[in-house]
Amino acid sequence: MIPAPFDYEVAESVDNAIELLGTREETKVLAGGHSLLPLLRLRLTRPSLLVDVGRLDLSYVRDAGDSIAIGALTRHHDVATAPLLQEHNPLMSFAAGLIGDPQVRHRGTIGGSLAHGDPASDLPAVVLALDGEIDIAGPNGVRTVRAAEFFRGVFETAVGPQELVTEVRVPKLIGDHVWSYLKFRHRAQDWATVGVAAVARRSNGGVADAAIALVNMGATPLRAGAAEAAWIAGAADPGVEADAKTEPPSDTNGSADYRRHLARVLVRRAVEEAEAR
Amino acid sequence: MRTVSLTVNDVPHEFELDPRELLVYVLRERLGLTGTVVGCDTSSCGACTVLLDGESVKSCTVLGVQADGHEITTIEGLAESGALHPLQESFHEHHALQCGYCTSGMVLAAVSLLAENPSPSEDEIRHALEGNICRCTGYQNIVDAIGAVAQ
Amino acid sequence: MSAPTEVEVGRAIGARVERKEDQKLLQGQAEWVDNMHVPGMVYLGIVRSPYAHARITKVDVTPALAHADVVGAWSGADIADEWQGSLPCAWLPTEDTNAPEHKPVAVDKARYAGDAVAVIAATSRGAAEDAAELVEVEYEPLPVVVDPEAALADGAPLVHEEFGTNRCYTWTLEEGEIDRLFAEADVTVSERYRQNRLIPNAIEPRAVFVTAIPANGEFTLWSTTQVPHIARVTLSGVTGIPEAKLRVIAPDVGGGFGSKLNVYAEEALALAVARMLGRPVKWTETRSEGYLSTIHGRDQVQEIELAATSEGKILAVRTKLTASMGAYLQLVTPGIPLLGAWLYAGCYDVQGYSFECTGVFTNTVPTDAYRGAGRPEATYAIERAVDALARKLGMDPVEIRRLNFIREFPAAIKAGLTIDSGDYDASLDVALEQAGYESVRAEQRARRTAGDPKRLGIGLSTYVEMCGLAPSNILGAIRYSGGGWEAATIRCLPTGTVQVLTGSTPHGQGHETSWSQIVSDRLGYEIDEVEVLHGDTAVVPLGMDTYGSRSLAVGGVALYYAADRIAEKGKKIAAHLMEVDEAQVDHVRGTFHGPETSITLKEVAFAAWTAHNLPDGVQPGLEETYVYDPPNFSWPAGAHVAIVEVDTETGAVELLRYIAVDDVGTIVNPIIVEGQIHGGLAQGVAQALYEEAIYDEDGNLLTGNMVSYLVPSAAEFPRWELHHTETPSPTNPMGVKGVGETGAIASPPAVMNAIVDALAEDGITDLDMPATPERVWRALEEARR
């Protein structure tokens with residue numbers, strides 16, 4: 001299928017992109033295009049203007065002290081293979097390597113994935129579990145939003161119509177960290193039916209700073225607070241309440257009931273896998 | 001319309017493109033490179049896979065204008081000085097194609113895989129092909145054809 | 001007719017010849033229909049009903065006509081005069097079959113989501129899509145029925161009001177004293193299975209391209225079809241274009257699996273629009289459009305009962321099918337379930353056989369042939385039911401099969417046909433040995449004892465199927481409109497190469513290679529000296545095309561006999577040239593040996609072309625045609641073993657190993673046979689574990705694209721472990737049987753039996769395909785209650 005007609009501009013700078021985004025009502029940012037183009041082709045979205053930010057110099061993975069800074073245009077493939085991430089935050093690189101398929105990872109970007117706000121995507125939950133920070137550039141400059149405040153609803157984020165994600169920062173996992181990312185899906189190329197990102201720091205024979213985030217269990221990626229507490233408390237099965245306060249969707253990949261059950265099983269397994277690491 | 005420069009199989013081209021024109025149709029309909037084909041509309045099947053700056057991408061999920069200034073390799077550009085690429089040879093020797101419709105995409109996905117990982121395990125080959133659907137072969141001979149070149 | 005001669009397996013038949021087809025495909029030089037691109041061409045865009053059932057109260061195409069790039073736009077009523085007849089259904093199984101009118105564009109009522117309601121012709125692909133959105137259609141939604149059993153209930157919405165029922169037909173077959181056998185049986189089992197609706201997903205979407213010479217009334221249709229010959233005959237009837245003025249070309253076709261064994265609305269539409277506009281016309285479906293416009297497969301409810309002795313001897317089989325036809329009858333829609341009608345006792349010897357099938361209209365995409373067509377359904381039912389009987393009797397699945405195998409061939413089966421040959425024990429022996437059956441059972445027990453939440457299961461499928469359609473008189477007797485013959489022509493060119501014309505139309509099966517092997521083997525040409533022509537009604541006028549695993553078993557045998565005729569005529573000429581008596585000449589693979597000298601077939605071909613010195617009564621040229629009508633179906637068989645691991649916490653099933661032992665008679669090219677089996681297995685395993693077209697109660701297809709309809713990738717399958725036994729078919733001189741569908745026929749029950757085997761001790765025996773993680777988990781949850 002061919003997308004409905006649209007106008008197209010190439011942004012030459014972040015400021016230029018923001019300016020272009022302000023010129024029309026129905027604008028969309030185009031980065032790698034792997035969330036947007038399938039929607040355009042099925043004519044499920046009809047922007048009048050696409051602002052292509054793909055040529056901006058925002059593809060990088062840098063050491064930023066306590067954190068790793070990832071440019072918004074860094075592709076999943078580069079997140080998956082960046083030595084800095086593999087060393088300091090292997091949860092990020094591992095999860096990025098499970099997105100879609102190799103062709104998707106060669107085009108899709110971290111900024112695009114976060115800004116798209118699809119609760120079925122992998123990286124939003126991972127960044128949420130890591131309590132990452134997201135820089136958003138807009139007409140009034142750059143603001144930083146914590147991941148916990150970034151995701152607002154299905155395809156809704158803190159990014160305004162005239163704004164652009166420019167950088168994502170995730171902490172270095174300093175010390176004795178344990179982590180796991182489990183993605184349950186029927187075929188390898190599918191979105192997660194349910195995914196679980198779990199990360200914690202070993203402490204006094206147990207764990208501290210435990211964070212567990214769920215993929216596809218609600219309108220946004222969700223922290224599983226009860227499961228985090230259970231993990232810290234050393235519960236035999238920290239997954240028992242993993243689905244508390246979730247509102248999972250029902251679709252052909254799984255009913256809400258099944259997703260709740262999967263979340264419970266996968267959280268337990270993620271914790272087991274993390275601790276065995 | 002937008003002026004776009006593309007190097008396809010080492011040949012530079014310049015086009016006036018409608019922004020909604022997908023890269024796959026630029027290749028098929030403007031350049032007659034019909035070895036790249038369309039198999040779906042959801043970026044699922046991989047039949048349209050080409051190399052963009054040496055890496056596999058699905059050309060139905062790239063706008064022609066996005067490829068401005070980049071190098072594209074299609075199946076037609078894979079053979080060098082008349083000799084088939086080793087993967088093309090290997091696909092033939094291992095009977096890794098039947099109807100042949102997915103073949104261009106499969107071969108190019110494999111080229112990209114081997115560039116990134118010259119000696120993949122069978123499991124890594126299978127996962128590297130997870131975005132390429134073949135309905136004829138049951139995949140085994142494709143996996144073997146790639147494995148033979150990888151060794 | 002020349003006497004059949006023995007094939008000397010060796011030089012070419014039986015050799016692993018690498019495919020001739022590959023070079024262009026590997027270099028991107030294939031000729032796909034969508035490649036066609038000529039000046040003046042228009043693209044069709046089709047407006048499809050979003051409602052599964054609705055009265056069409058208004059279609060206004062004028063907004064679309066106002067689009068600058070639109071050349072024409074028509075509602076169903078606007079274009080109705082173009083049709084001389086309905087889209088064809090070639091198989092009405094009973095005299096009272098309800099066969100609805102089926103126009104290429106609906107006029108009064110849309111009967112499934114996807115039914116065409118208007119057509120656009122525009123100068124670009126994008127404009128055709130843009131303009132299709134501009135057509136104003138008003139619908140009055142009607143109640144919908146998607147389930148075939150619900151469609152038979154009183155008060156169900158009627159898909160076609162004129163019949164007063166959704167029943168299309170009921171067809172029965174009964175042999176033996178069924179009621180007595182069931183009454184006297186020690187034990188009976190009664191099972192109910194659901195055949196999930198499947199979308200064939202040939203990886204090349206359908207496409208149509210038409211050029212016309214209006215002054216001559218001549219049309220050429222390029223189509224992604226398996227059946228150019230059938231398409232020509234039937235489209236002539238739909239459009240009124242005389243058959244002689246219509247040429248149909250199937251160039252390179254990217255897979256079919258039955259989905260392109262059909263005659264579609266868009267083929268008729270492209271012809272009609274080309275006739276109205278006098279311009280070339282192209283239409284290419286998108287994948288998600290294809291899910292609404294190309295036939296689906298399966299979708300049946302199966303009820304099967306077995307009557308048996310307490311020792312496990314099966315006495316009788318009784319089957320009742322309710323089969324969804326979808327909203328209309330496509331080319332062979334009603335006949336598909338009946339292609340399994342004779343196979344519900346599988347490879348087991350029974351005394352009583354009863355089969356009843358009711359075809360039912362529903363507000364869904366029409367069903368039709370999908371790889372195996374009727375035979376996977378039959379094999380699934382009997383193979384699962386036999387396992388159910390074994391469970392009831394506490395027998396091992398191997399033991400019960402051995403007790404019931406047919407062992408004497410040819411075998412006149414109770415259902416009324418004759419199985420040509422087979423050795424079912426031999427295949428099962430190999431399969432069990434290769435699987436390490438006893439050691440798998442031991443590991444299974446060990447896991448259970450240890451309380452491992454990952455259960456192990458091993459499943460069998462011992463199958464026999466009937467393919468290679470078929471003797472024409474039998475097809476006639478079961479009311480199929482076409483014949484079962486196939487044609488082959490061999491044309492020995494004067495300069496030493498040879499052309500083969502085959503009416504069998506490949507789309508991935510490798511005919512060019514296998515046919516070259518046959519000619520090479522019979523007439524001594526090098527493989528590369530043989531050029532196989534196919535898929536163009538102007539080049540190959542006679543043909544019945546490719547489906548039902550018939551190509552080699554019918555078309556290949558026709559070629560074999562055509563080679564005999566070449567040898568026969570060649571011998572006359574050779575004897576004449578050598579000045580010896582014909583009886584003194586021996587033909588061996590392209591050389592005619594006289595008592596003292598010899599002469600090659602190539603020399604004879606040249607002499608036949610110059611015609612300077614031919615025997616009296618012998619015509620110039622060396623070209624022979626043979627049209628072969630097989631005396632029987634072909635009956636491949638085998639034993640398959642699946643080994644699965646089931647995660648009882650998540651419901652996920654992993655197929656660990658798959659062992660297939662197939663007996664497909666004589667093998668012409670092992671690599672092609674292996675490839676066919678690999679592909680069939682992938683599709684069959686996909687039916688068991690992944691694929692299902694799901695409609696909601698309003699008739700919306702929820703699995704409407706390749707994201708939600710789960711075609712598996714390489715990452716989802718294990719290595720296929722193939723082995724063969726070989727029992728040549730006695731019904732043809734090559735001993736060949738069909739192979740194209742065996743994998744898809746045998747594998748679904750092997751996988752499902754393995755899953756049930758893994759979970760039987762958890763209380764699960766009732767599980768439908770596809771065994772998705774959620775479905776398995778739900779079954780476990782219910783069993784735990």
Side-chain angles (χ1 to χ4, degrees), chain B residues 18 20-21 25 28-29 32-47 74-79 84-85 87-89 91-104 107 122-123 125-144, chain C residues 16 18-19 21-32 34-35 37 125-126 200-205 252-257 284 286-290 506-510 671-672 674-683 685 705-708 711-717 719-720 743:
Chain B
D18 180 342
R20 68 167 165 166
E21 215 167 323
Y25 291 118
R28 285 181 58 77
E29 296 181 351
L33 295 171
T34 51
T36 306
V37 296
V38 178
C40 76
D41 44 12
T42 46
S43 204
S44 306
C45 80
T74 70
I75 192 71
E76 291 90 343
L78 211 52
L84 291 190
H85 188 282
L87 277 164
Q88 289 170 308
E89 286 288 0
F91 268 56
H92 174 59
E93 287 163 9
H94 288 83
H95 184 38
L97 61 154
Q98 291 181 28
C99 82
Y101 197 78
C102 76
T103 305
S104 304
V107 169
E122 172 166 346
D123 194 50
I125 294 171
R126 287 181 180 270
H127 276 275
L129 300 178
E130 66 200 21
N132 289 78
I133 299 295
C134 168
R135 198 57 159 168
C136 295
T137 65
Y139 301 104
Q140 186 151 311
N141 292 349
I142 294 173
V143 172
D144 289 348
Chain C
R16 299 181 76 87
E18 288 175 3
R19 291 207 322 169
E21 287 87 344
D22 291 354
Q23 291 306 317
K24 70 175 173 181
L25 298 168
L26 280 163
Q27 296 177 65
Q29 295 169 17
E31 300 165 277
W32 311 115
D34 187 64
N35 295 2
H37 201 80
R125 233 182 259 275
N201 274 294
I203 198 68
E204 180 198 25
D252 289 313
V253 174
F257 316 111
T284 304
T286 65
R287 179 65 57 183
S288 48
E289 182 182 22
H507 36 283
Q509 295 90 341
I671 67 168
I672 287 176
E674 289 158 15
Q676 285 292 319
I677 294 170
H678 286 171
L681 291 177
Q683 290 181 17
V685 171
N705 59 45
M706 262 194 169
V707 171
S708 46
V711 180
S713 80
E716 278 73 58
F717 293 122
R719 291 193 71 77
W720 311 116

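Every chain is numbered from 1 and lettered A, B, ... according to where its sequence line falls, protein lines coming before strand lines.
With B:Gln98 contributing its side chain and C:Gly675 its backbone, the two residues share a donor-acceptor pair below 3.5 Å. With B:Arg135 contributing its side chain and C:Val711 its backbone, the two residues share no donor-acceptor pair below 3.5 Å. Between the side chain of B:Arg126 and the backbone N or O of C:Phe717 there is at least one donor-acceptor pair closer than 3.5 Å. Between the B:Glu130 side chain and the C:Ala715 main chain, no donor and acceptor come within less than 3.5 Å of each other. A donor-acceptor pair is defined here as one N or O able to donate and one able to accept, closer than 3.5 Å; no such pair exists between the side chain of C:Trp720 and the backbone of B:Gln140.
Looking at B:Leu78, neither its backbone nor its side chain comes within 4.5 Å of chain C, counting heavy atoms on both sides. Proximity to chain C is absent for every atom of B:Asp18, based on heavy atoms less than 4.5 angstrom apart. Looking at C:Gln676, both its backbone and its side chain come within 4.5 Å of chain B, counting heavy atoms on both sides. In this structure, the portions of C:Glu18 lying under 4.5 Å from any heavy atom of chain B include both its backbone and its side chain. Both the backbone and the side chain of C:Ile672 come within contact range of chain B, each with at least one heavy atom under 4.5 Å from a heavy atom of that chain. Both the backbone and the side chain of C:Leu26 come within contact range of chain B, judged by heavy atoms closer than 4.5 Å. Looking at B:Leu87, there are no atoms closer than 4.5 Å to chain C (heavy atoms on both sides), in backbone or side chain. Residue C:Val685 does not touch chain B at all, counting heavy-atom pairs closer than 4.5 Å. Only the side chain of C:Trp32 comes within less than 4.5 Å of a heavy atom of chain B; its backbone N, CA, C and O stay farther away. Neither the backbone nor the side chain of C:Arg16 comes within contact range of chain B; no heavy atom of the residue lies under 4.5 Å from a heavy atom of that chain. With a threshold of 4.5 angstrom between heavy atoms, B:Glu93 approaches chain C through its backbone and through its side chain. With a 4.5 Å cut-off on non-hydrogen atoms, C:Glu21 does not touch chain B at all. When heavy atoms are compared at a cutoff of 4.5 Å, C:Pro506 does not approach chain B at all.
What you find for B:Tyr139 and C:Pro712 is that their closest heavy atoms are OH-O, 2.7 Å. Here the closest non-hydrogen pair linking C:Gly126 and B:Arg20 is C-NH2, 3.8 Å. Nearest heavy atom pair, residue C:Val707 against residue B:Ser44, reads CG2-OG, 3.6 Å. When every heavy atom of C:Gly255 is checked against every heavy atom of B:Cys99, the shortest pair comes out as N-CB, 3.3 Å. Shortest non-hydrogen contact noted between B:Cys102 and C:Ile203 is N-CG2, 4.2 Å.
To the nearest 0.5 angstrom, C:Arg19 atom CZ is 5.0 Å from B:Leu97 atom CG. To the nearest 0.5 Å, atoms CD1 (B:Ile75) and CD (C:Gln29) are separated by 10.0 Å. Taking NE2 of C:His678 as the start and CD1 of B:Ile142 as the end, the distance is 11.5 Å to the nearest 0.5 Å. C:Leu25 CG to B:Thr103 OG1: the interatomic distance, rounded to the nearest 0.5 Å, is 6.0 Å. Taken to the nearest 0.5 Å, the OG1 atom of B:Thr42 stands 5.0 Å off from the CG atom of C:Asn705. Atom NE2 of residue C:His507 and atom SG of residue B:Cys136 lie 8.5 Å apart, to the nearest 0.5 angstrom.
Each of B:Asn132, B:Leu129, B:Ile133 was compared with C:Ser713 under the side chain to side chain contact (heavy atoms under 4.5 Å, CB included) criterion, and only B:Ile133 meets it.
Among C:Gly254, C:Ala682, C:Ala202, the residue with the largest count of heavy-atom pairs under 4.5 Å with chain B is C:Gly254. Ranked by heavy-atom pairs under 4.5 Å with chain C, the first of B:Ile125, B:Asp144, B:Thr36 is B:Asp144. The candidate with the highest count of non-hydrogen atom pairs below 4.5 Å against chain C, out of B:Thr74, B:Val143, B:Leu84, is B:Leu84.
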Self-check item: Trace of the side-chain contact (heavy atoms from CB on, under 4.5 Å) decision for B:Arg28 with C:Asp34
Solution: CA-CA 10 Å; B:Arg28 285 181 58 77; C:Asp34 187 64; 3.0 Å; yes

